[in-house]
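Order of the sequence lines sets the chain letters (A, B, ...), proteins ahead of strands, with each chain counted from 1.
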Protein chains: 2
Amino acid sequence: MPRAGLDPDVVAAGAAALADEVGLPNVTMGLLAERLGVRSPSLYKHVDGLADLHHRVAVLALTELGDALRDALQGRAGRDALAAAATAIRGFAVAHPGRYAATVRVDVHAPDDPLAAAGARVLDSLAAILAGYDVDPADTVHALRLLRSLFHGFAVLEAAGGFQLATDVDDSFTWLVEFVDRGLRG
Amino acid sequence: MPRAGLDPDVVAAGAAALADEVGLPNVTMGLLAERLGVRSPSLYKHVDGLADLHHRVAVLALTELGDALRDALQGRAGRDALAAAATAIRGFAVAHPGRYAATVRVDVHAPDDPLAAAGARVLDSLAAILAGYDVDPADTVHALRLLRSLFHGFAVLEAAGGFQLATDVDDSFTWLVEFVDRGLRG
DNA sequence: CTCCTGTGGCTAAGGTTGTTAGCCATACGC
DNA sequence: GCGTATGGCTAACAACCTTAGCCACAGGAG
């Protein structure tokens, strides 16, 4: 019987893919193991239980989201940058609902937790958007929280099916980006 | 052995209180039953399983939130109304994290689901805020979604401990309300 | 007052899932 | 080529949700 060639990253990637398919709460050790061609106790050789698995998926997701944001912001500034970032986040949440869900409700454990670094990279991208506007440095942290809250809230509500008239959601999204752009330009 | 005097509402109220204390995911049938002085199978005489329990907690929470909003908006308009509503939502989410968490990720089952009515009442309150501004009727739905996304995102991030410098969160909140007020005034 | 019925408790039991313990074979370093 | 750590496995346990089926109490009918 050949070995399956697993390691923590492969397991986390499998969990992320599975979460996108069946929803994060339905990612079970047994199901993931089956998907990886292995029995569930074997996963514990690579991952320290379900909580650790969620943590790793969160790191993976935030890293991917950070990459997507960085790509989207290349060579853009001001309103273009804002729109591109918003679209990137929304697109990520829609295309990878399981991964995105994992980014909520996770705690940083150690001071050198890679989750903190991945999160910081995402924040850096959002801060780069603000650089294109004339925001009072004292208000930067507030504006950052505005962007986070708004994008995150929109993503969560859309993922949960919280908006009724599904057809208008795209319109609402662009309207919302415009609203923020106007507000940030003062 | 005297009867415990339970009914669906009492069970849901107990679940809500328990959720606020230990977190919604940690509300287990056994724990709730113990809290109510009963064994877990007895709960099934009043409630149709854990999913139904979550549903009922969501209805209860949305109803309470709707009441809080209605109270907060009494006799206020424009920026005062906006600030009062925002504070009410945030206060509710902070004071009742378990209840608030239950309002996310719930589905309306029947057309006469009380959840839909409770949610509609909350939306009505938000719509009432917009009445105090000069919003193009065609944009009302977008502005509503702005408010929902922003308030909800802020509440989720704050509840998840997503903001680092905890001391500035109040400042960010008022800054954010001002930002929206300015934007809505055009 | 007595009986009858339905409601709301209970114990017992089964299925699923997370997790640990302990075994054994494989792949790699010397 | 051999030893050793690694990465599979089976077995087993605990927690939880849920169902089945029993029994006692409460309240109304006669």
Asks: Send over the distance from E34(B) CD to dA15(D) P, rounded to a whole Å.
Replies: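 Atom CD in E34(B) sits about 13 Å away from atom P in dA15(D).
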Asks: Can you check whether H46(A) has a side-chain N or O nearer than 4.0 Å to OP1 or OP2 of dT6(D)?
Replies: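 For dT6(D), OP1/OP2 do not have a side-chain N/O of H46(A) under 4.0 Å.
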Asks: Would you indicate, yes or no, if dG9(C) has its OP1 or OP2 atom less than 4.0 angstrom from a side-chain nitrogen or oxygen of R39(B)?
Replies: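 Checking dG9(C) against R39(B), no side-chain N or O comes under 4.0 Å of OP1 or OP2.
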Asks: Tell me whether the side-chain N/O atoms of S42(A) come closer than 4.0 Å to OP1 or OP2 in dC9(D).
Replies: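 True: S42(A) side-chain N/O within range (under 4.0 Å) of dC9(D) OP1/OP2.
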Asks: L43(A) CG to dT6(D) P: how many Å, rounded?
Replies: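 Interatomic distance, CG of L43(A) to P of dT6(D): 18 Å.
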Asks: H55(B) and D48(B): side-chain donor and acceptor closer than 3.5 Å?
Replies: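 No, no side-chain donor-acceptor contact under 3.5 Å.
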Asks: Rounded to whole angstrom units, what separation is found between the OH atom of Y44(A) and the P atom of dC9(D)?
Replies: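 From Y44(A) OH to dC9(D) P: 14 Å.
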Asks: With a cut-off of under 6.0 Å to the ring centre and 45° to the axis, is R90(B) in cation-pi contact with F173(B)?
Replies: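 Relative to the ring axis of F173(B), which defines the angle, R90(B) lies inside both limits.
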Asks: Can you tell whether the side chains of D67(A) and R121(A) come within less than 4.0 Å, N to carboxylate O?
Replies: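 The answer is yes: the pair qualifies as a salt bridge.
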Asks: Whole angstrom is fine here: how far is it from CG in D9(A) over to C1' in dG7(D)?
Replies: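 So the CG-C1' distance, D9(A) to dG7(D), works out to 16 Å.
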Asks: Tell me: CG of L31(B) to C1' of dC17(D), nearest whole Å?
Replies: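 For the pair L31(B) CG and dC17(D) C1', the rounded distance is 14 Å.
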Asks: Round to a whole Å and report the spacing from CG of N26(A) to C1' of dT17(C).
Replies: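 After rounding, the reported distance stands at 13 Å.
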Asks: Let me spell it out: for each of V27(A) and K45(A), pick the nucleotide of DNA chain C with the closest heavy atom. Which residue's pick is nearer the 5' end?
Replies: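 That would be V27(A).
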Asks: Could you state the atom-to-atom distance from CG of L32(B) to P of dT18(D) in whole Å?
Replies: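 Atom CG in L32(B) sits about 12 Å away from atom P in dT18(D).
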Asks: Can you confirm whether or not the ring centre of H96(A) sits under 6.0 Å from the ring centre of Y100(A)?
Replies: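 Centroid distance H96(A)-Y100(A): not below 6.0 Å, so no.
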Asks: Specify the residue among P41(B) and V38(A) whose closest nucleotide of DNA chain D lies further upstream toward the 5′ end.
Replies: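 Comparing both residues, the 5'-ward one is V38(A).
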Asks: Rounded to whole Å, how long is the line connecting atom CE of M29(A) with atom P of dG8(D)?
Replies: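 Taking atom P of dG8(D) as the reference, CE of M29(A) is at 14 Å.
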Asks: Looking at S40(A), does any N or O in its side chain come under 4.0 Å of the phosphate oxygens OP1/OP2 on dT19(C)?
Replies: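 For dT19(C), OP1/OP2 do not have a side-chain N/O of S40(A) under 4.0 Å.
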Asks: Regarding R79(B) and E178(B), does a basic nitrogen lie under 4.0 Å from an acidic carboxylate oxygen?
Replies: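 Salt bridge between R79(B) and E178(B), a charged N being under 4.0 Å from a carboxylate O: yes.
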